[in-house]
Participant: 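I'd like to ask you about the structure that follows.
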There are 2 protein chains.
Amino acid sequence: MTYTYEVLCEKLLAKDYKLTPQRETILRAFTEHGDSHLSAEDVYHLVKSKSPEIGLATVYRTVDLFAELGILQKMDFGDGRSRYEFTKQEEHHHHHLICINCHKVQEFDDDLLETLEAMIARKNSFKIVDHDLKFYGICLSCQEQT
Amino acid sequence: MTYTYEVLCEKLLAKDYKLTPQRETILRAFTEHGDSHLSAEDVYHLVKSKSPEIGLATVYRTVDLFAELGILQKMDFGDGRSRYEFTKQEEHHHHHLICINCHKVQEFDDDLLETLEAMIARKNSFKIVDHDLKFYGICLSCQEQT
DNA sequence: TTTCATGCAAAGGTTTTGCATACGC
DNA sequence: GCGTATGCAAAACCTTTGCATGAAA
């Protein structure tokens, strides 16, 4: 899923936020690197080349805003910094396989977790609104290297 | 699962680490608060009352060491600090239900995830060694408060 | 022209590190 | 005694915040 300029514009104005060049630039950084899970620092360096005057604080404020608007999803891979990617629009969430050797992160879809979630919710009287599933292990290319 | 003094001693000496009063005290903090998910700061304050001379850096170094030895498991609930609990020895991992209202963390066991894990591993040619599943939602008492 | 966004620098919170001293083995 | 562990303080790191300026509506 890639968010366009128009979608951003619409979402911003709906909440009386302004459409600034910085916000547009940061959105583009994500459309051009849709497959990575960018940290604020990553975004900062990506946009710095095109807009050298941009500040790191603006990047932090902007990715926070985008997350609030539902454009980005904040995630944590345990490396001490938050990472962001476009919110997936499909019915089923996707999750992450994190290689403990090369630290590459790949995605996978799951259908089964929905069933699991319903059972957990019932057994624990817990009203689930979101979930986060990560598998740690060795990716295929690291397996082949040995 | 609770680790005893003897187990700690054995695990430490096996790797030429020393058994110090600080390490013993920190272990006891976990045995006496086995149900909580303690942050380094939590541990620091717990042990400070009995051993006022202990340093925060020692707590950090010790929980890291215990995690390396497999005694503690480091976990992240997205609140900006790492938390630790005794490594569960059972065959099935347990996971967490995190209330987004009162931030209480409760545990649940799962049997289904094992099946899911096997399927994911096969479909993605990924050798899974660990997993981490979190559900975010509203706990029972918060549901009843409304 | 009003209000929100920005950039900069400083502060905040968690975790790590350097170093002299103390202590387990 | 040798080598690791400790305590303290400082630094490192990511992130947030205060404030004056600048720009969008």
Side-chain angles (χ1 to χ4, degrees), chain A residues 5-6 8-27 29 37-69 71-72 74-84, chain B residues 5-6 8-29 37-69 71-72 74-84 103:
Chain A
Y5 175 87
E6 287 75 23
L8 175 65
C9 190
E10 181 191 328
K11 280 184 182 271
L12 285 175
L13 299 185
K15 294 202 176 178
D16 280 331
Y17 293 119
K18 292 173 182 169
L19 184 64
T20 65
Q22 289 90 337
R23 288 175 178 169
E24 202 185 328
T25 306
I26 289 170
L27 181 79
H37 309 93
L38 303 175
S39 68
E41 195 88 20
D42 291 339
V43 175
Y44 180 61
H45 286 113
L46 284 173
V47 301
K48 195 83 182 174
S49 52
K50 286 198 175 179
S51 316
E53 76 293 347
I54 206 165
L56 181 57
T58 299
V59 174
Y60 274 100
R61 284 186 281 233
T62 303
V63 291
D64 259 22
L65 175 65
F66 285 3
E68 181 202 319
L69 294 176
I71 295 174
L72 292 179
K74 188 175 185 172
M75 49 194 64
D76 181 358
F77 295 143
D79 62 345
R81 74 210 65 192
S82 294
R83 297 184 170 275
Y84 298 83
Chain B
Y5 175 87
E6 286 76 24
L8 175 65
C9 191
E10 182 190 326
K11 282 187 181 266
L12 284 175
L13 298 184
K15 293 202 175 180
D16 280 332
Y17 292 119
K18 293 174 180 169
L19 184 65
T20 65
Q22 290 89 338
R23 288 175 177 169
E24 201 185 328
T25 305
I26 290 170
L27 181 78
R28 189 155 42 237
H37 308 94
L38 303 175
S39 68
E41 195 87 18
D42 291 339
V43 175
Y44 180 60
H45 286 113
L46 284 172
V47 301
K48 195 82 181 175
S49 53
K50 285 199 175 176
S51 316
E53 77 292 346
I54 207 164
L56 180 56
T58 300
V59 175
Y60 273 101
R61 284 186 281 234
T62 303
V63 291
D64 258 22
L65 176 66
F66 285 3
E68 180 203 319
L69 294 175
I71 295 174
L72 292 180
K74 188 176 185 172
M75 50 195 65
D76 182 358
F77 294 142
D79 62 345
R81 76 210 66 187
S82 294
R83 298 184 170 275
Y84 299 83
H103 302 102

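Lettering follows sequence order; numbering is per chain, from 1. Remember, it's a predicted structure, so these values are computed and weren't measured experimentally.
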Participant: Under 4.0 Å: is that the gap between some side-chain N or O of B/S82 and OP1 or OP2 of C/dT14?
Facilitator: no
Participant: What is the distance, rounded to the nearest whole Å, between atom CG of A/D42 and atom P of D/dC14?
Facilitator: 10 Å
Participant: Does A/D79 have any side chain to side chain donor-acceptor pair (under 3.5 Å) partners at least two apart in sequence or in another chain, and if so, which?
Facilitator: A/R83
Participant: Using modelled atom types only, decide if a donor and an acceptor are shared between the side chain of A/S49 and the backbone of A/L46 within a distance under 3.5 Å.
Facilitator: yes
Participant: For B/Y44 and D/dT6, give me the distance from atom OH to atom C1', rounded to whole Å.
Facilitator: 13 Å
Participant: Please list, chain by chain and in numerical order, all residues satisfying side chain to side chain donor-acceptor pair (under 3.5 Å) with A/K18, sequence neighbours excluded.
Facilitator: none
Participant: When the axes are fitted on five pairs at both termini, how much does the helix from C/dT1-D/dA25 to C/dC25-D/dG1 curve, in 10° steps?
Facilitator: 30°
Participant: Nearest-Å distance, CD1 (B/I26) to C1' (D/dA5)?
Facilitator: 11 Å
Participant: When you measure from the side-chain N and O atoms of B/R23 to the phosphate of D/dT6, is any distance below 4.0 Å, counting only OP1 and OP2?
Facilitator: yes
Participant: NA contact type, B/E41, heavy-atom cut-off 4.0 Å: base, sugar-phosphate, or nothing?
Facilitator: nothing
Participant: Please give, in whole Å, the distance from C/dA5 C1' to A/E24 CD?
Facilitator: 15 Å
Participant: Taking side chain to side chain donor-acceptor pair (under 3.5 Å) as the definition, give me every residue that meets it alongside B/S39, ordered by chain and number, with sequence neighbours left out.
Facilitator: B/D42
Participant: Which atom pairs link the protein and nucleotides 22-25 of chain C when you take only N or O atoms and keep those under 3.5 Å?
Facilitator:
from: C/dG24; atom 1: O3'; to: B/L19; atom 2: O; distance (Å): 3.4
from: C/dG24; atom 1: N2; to: B/K18; atom 2: NZ; distance (Å): 3.2
from: C/dG24; atom 1: N3; to: B/K18; atom 2: NZ; distance (Å): 3.4
from: C/dC25; atom 1: OP1; to: B/L19; atom 2: N; distance (Å): 3.0

Participant: Could you list by number each residue of residues 54-64 of chain A showing a heavy-atom separation from DNA chain C of less than 4.0 Å, or answer none if no residue does?
Facilitator: A/I54, A/G55, A/A57, A/T58, A/R61
Participant: Given D/dA23, is OP1 or OP2 found less than 4.0 Å from the side-chain N or O atoms of A/Q22?
Facilitator: no
Participant: Between C/dT14 atom P and B/L38 atom CG, what is the distance in whole Å?
Facilitator: 15 Å
